[in-house]
Novice: 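I have a structure I would like to understand better, so I am pasting it below and will then ask my questions one at a time.
Protein chains get the first letters and strands the later ones, always in sequence-line order, with residue 1 at the start of each.
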2 protein chains.
Amino acid sequence: MSDISRNGGGGGTPPGRIGIGLELDAIHMKILEILRENGRISVAALAERVGISRANAYTRFEALRADGTIKRFTAEIDHVRAGLGITALIFVTVRQQMWKQFRAELARMPEVEYCAITTGQHDAMIQVRMADVAEVHAMVTDRLANIPAVKATETVFILDEVLRRPYVLPSDRDQARPSRRPPQESQGDVPLGKMRFVGAAEGRAALRKDT
Amino acid sequence: MSDISRNGGGGGTPPGRIGIGLELDAIHMKILEILRENGRISVAALAERVGISRANAYTRFEALRADGTIKRFTAEIDHVRAGLGITALIFVTVRQQMWKQFRAELARMPEVEYCAITTGQHDAMIQVRMADVAEVHAMVTDRLANIPAVKATETVFILDEVLRRPYVLPSDRDQARPSRRPPQESQGDVPLGKMRFVGAAEGRAALRKDT
DNA sequence: GTTGAAATTAGTACGAA
DNA sequence: TTCGTACTAATTTCAAC
């Protein structure tokens, strides 16, 4: 079914506190920060960088792993060098009540790197890596379009990936503030109307693609 | 400028062959496959699983690292447990010739996990992780909307992340074939019209958000 | 490209603060 | 809980084949 954890609606989780599991303190966060930048660092070196004993580092490291806060360690690979120079986003409209089938089909597509269910005019976004544009086309027309659960697709290509951070942590927000741009409380010059938030129902009603 | 490599138009790169750098053979690919699943495996264990000697494994491992094919090792963190339960995608329309400013501002936003330049009706997609929806709202209205380079935004929320694969490799495609669904050469029942490919110019002309 | 042996480092266990 | 130490096992390096 789902490979990774859900992000569902409940937005009330205070940073650092988890529903059920480990209570994360500042040292845990520091460990995560180092580990996402260098997943192969030794626990001894980790202990030194964090400023705790080796034994403590081992305990915390294992706890984070056992708890599931650290899901896995992975190598980030340069897909261009590996032979997959084309990245595309495919926005999919899914026939309601056929989600199970859609997910099952996705599991059989190894070229899919990421898939998320979204609000907005589409229901899902999938990211694929391919050797060339023809392969993307073939994937969309031959494989995706043949899934009954897929009602419509919209494909865009990625021209450049500006940045990818291993994983964002709550502590990152604290670094955002000390930057430029003073507090600016209730400024009148916020260009409202520039932005738009698209809820699930709203978006889907606004843009009926077919049927 | 750019944190990660470009995916630009040149789609003629044969799988396994890289423009300038290492020539990747089947053993290199196998190493990458193992490493993306277990980034902390020892080189000794890696050698055994691949079926080569330790020294060979060390040589290849170092070559892949030096070449940049392996960009880094990282820990995948459960953002919900870490306190960031909300994920959103923000599609941004960028004022032309202000890309440099846009990129510079992005670098100052640690809560942004991913940013890609796309074809289609928007120019860029950014993915953010936040503790709650209010923070997403604040980020879009206070921080993004204040960037002159940002012409318009459209935000959707991620309800569920169905899957994330560490990194897709060319060898993944070979696993896709032996699945169900026989070759089906030139079948007449492909539901054409379901899918849509959106080029940059086309999309932008179709949906002019503002001036 | 492989094997084997030495040096280093990692991981574990335990008592003390 | 956390720290420090000592012990054991594994990994990495370097050599010769």
Side-chain angles (χ1 to χ4, degrees), chain A residues 14-77 81-83 166 169-171, chain B residues 15-18 21-78 81-83 166 169-171:
Chain A
R17 177 66 183 84
I18 20 184
I20 184 161
L22 209 59
E23 186 104 20
L24 301 182
D25 59 20
I27 292 171
H28 284 120
M29 284 300 172
K30 206 166 176 186
I31 290 173
L32 294 177
E33 254 172 73
I34 294 168
L35 246 26
R36 73 181 171 166
E37 278 165 25
N38 181 7
R40 270 183 91 84
I41 192 172
S42 72
V43 181
L46 184 70
E48 196 184 21
R49 281 190 57 182
V50 174
I52 56 174
S53 70
R54 287 204 310 155
N56 193 358
Y58 274 106
T59 308
R60 285 168 177 272
F61 182 88
E62 255 319 301
L64 287 169
R65 241 182 176 304
D67 180 57
T69 305
I70 297 174
K71 291 192 284 189
R72 66 178 153 191
F73 292 93
T74 186
E76 274 191 23
I77 290 158
R81 278 174 203 270
L169 294 175
S171 50
Chain B
R17 178 65 184 82
I18 21 182
L22 209 58
E23 187 104 19
L24 302 182
D25 59 20
I27 293 172
H28 283 118
M29 284 300 173
K30 207 165 177 188
I31 290 174
L32 293 178
E33 254 172 72
I34 293 168
L35 246 25
R36 74 182 170 165
E37 278 165 25
N38 181 7
R40 272 184 88 85
I41 193 173
S42 72
V43 181
L46 183 69
E48 196 184 22
R49 281 191 57 183
V50 174
I52 55 175
S53 70
R54 269 136 344 134
N56 192 355
Y58 275 105
T59 307
R60 285 167 178 274
F61 182 88
E62 256 318 302
L64 287 169
R65 241 183 175 303
D67 180 58
T69 305
I70 297 173
K71 290 192 285 190
R72 66 178 152 191
F73 292 94
T74 186
E76 273 191 22
I77 289 156
D78 187 319
R81 279 176 203 270
L169 294 175
S171 50

Novice: Tell me the bend of the helix from dG1(C)-dC17(D) to dA17(C)-dT1(D) as the angle between end helix axes, each from five pairs, rounded to the nearest 10 degrees.
Specialist: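 End-to-end axis angle: 30°.
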Novice: Checking R40(A) side chain against R72(B) main chain: does a donor-acceptor pair fall under 3.5 Å?
Specialist: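 No, the answer is negative, given that no donor and acceptor are paired below the 3.5 Å cut-off.
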Novice: Roughly how far, to the nearest 0.5 Å, is OH of Y58(B) from CD of E62(B)?
Specialist: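 E62(B) CD to Y58(B) OH: 10.5 Å, rounded to 0.5 Å.
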Novice: Which residues, if any, of residues 47-65 of chain A bring a heavy atom under 4.0 Å of DNA chain C?
Specialist: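 Contacts with DNA chain C under 4.0 Å: R54(A), Y58(A).
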Novice: Please state how far atom CG in L46(A) lies from atom P in dC3(D), giving the value in whole angstrom units.
Specialist: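 The distance from CG of L46(A) to P of dC3(D) comes to 13 Å, rounded to the nearest Å.
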Novice: Heavy atoms, side chains only, cut-off 4.5 Å: are N38(A) and L46(A) in contact?
Specialist: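 Heavy-atom side-chain distance check fails, nothing below 4.5 Å.
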Novice: If every non-hydrogen atom of I41(A) is compared with every non-hydrogen atom of A45(A), which pair is closest and at what distance?
Specialist: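 Reported closest heavy-atom pair: CG1-CB, 3.7 Å.
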Novice: Going by heavy atoms in the side chains, are R60(B) and H28(B) under 4.5 Å from each other?
Specialist: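 With C-beta onward as the side chain, the pair touches.
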Novice: Is any side-chain heavy atom of M29(B) closer than 4.5 Å to a side-chain heavy atom of L24(B)?
Specialist: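 Touching, per the 4.5 Å side-chain cut-off.
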Novice: Among residues 37-44 of chain A, which residues get a heavy atom nearer than 4.0 Å to DNA chain C?
Specialist: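 Under 4.0 Å from DNA chain C: S42(A), V43(A), A44(A).
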Novice: Could you pull out the closest heavy-atom pair between A75(B) and F73(A), with the gap in Å?
Specialist: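 So the minimum-distance heavy-atom pair works out to CB-CE2, 3.5 Å.
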Novice: Search all heavy atoms of A57(A) against all heavy atoms of A47(A) and return the closest pair with its distance.
Specialist: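 What the structure gives for the nearest pair is CB-CB, 3.5 Å.
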Novice: Under 6.0 Å from the CZ atom of R49(B), do we count more than 12 heavy atoms belonging to anything else shown?
Specialist: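 No, CZ of R49(B) has 12 or fewer neighbouring heavy atoms, counting only those of other groups under 6.0 Å.
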Novice: Determine the minimum heavy-atom distance between A82(B) and P170(A), stating which atoms define it.
Specialist: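 Nearest pair, atom of A82(B) first, then P170(A): O-CG, 2.7 Å.
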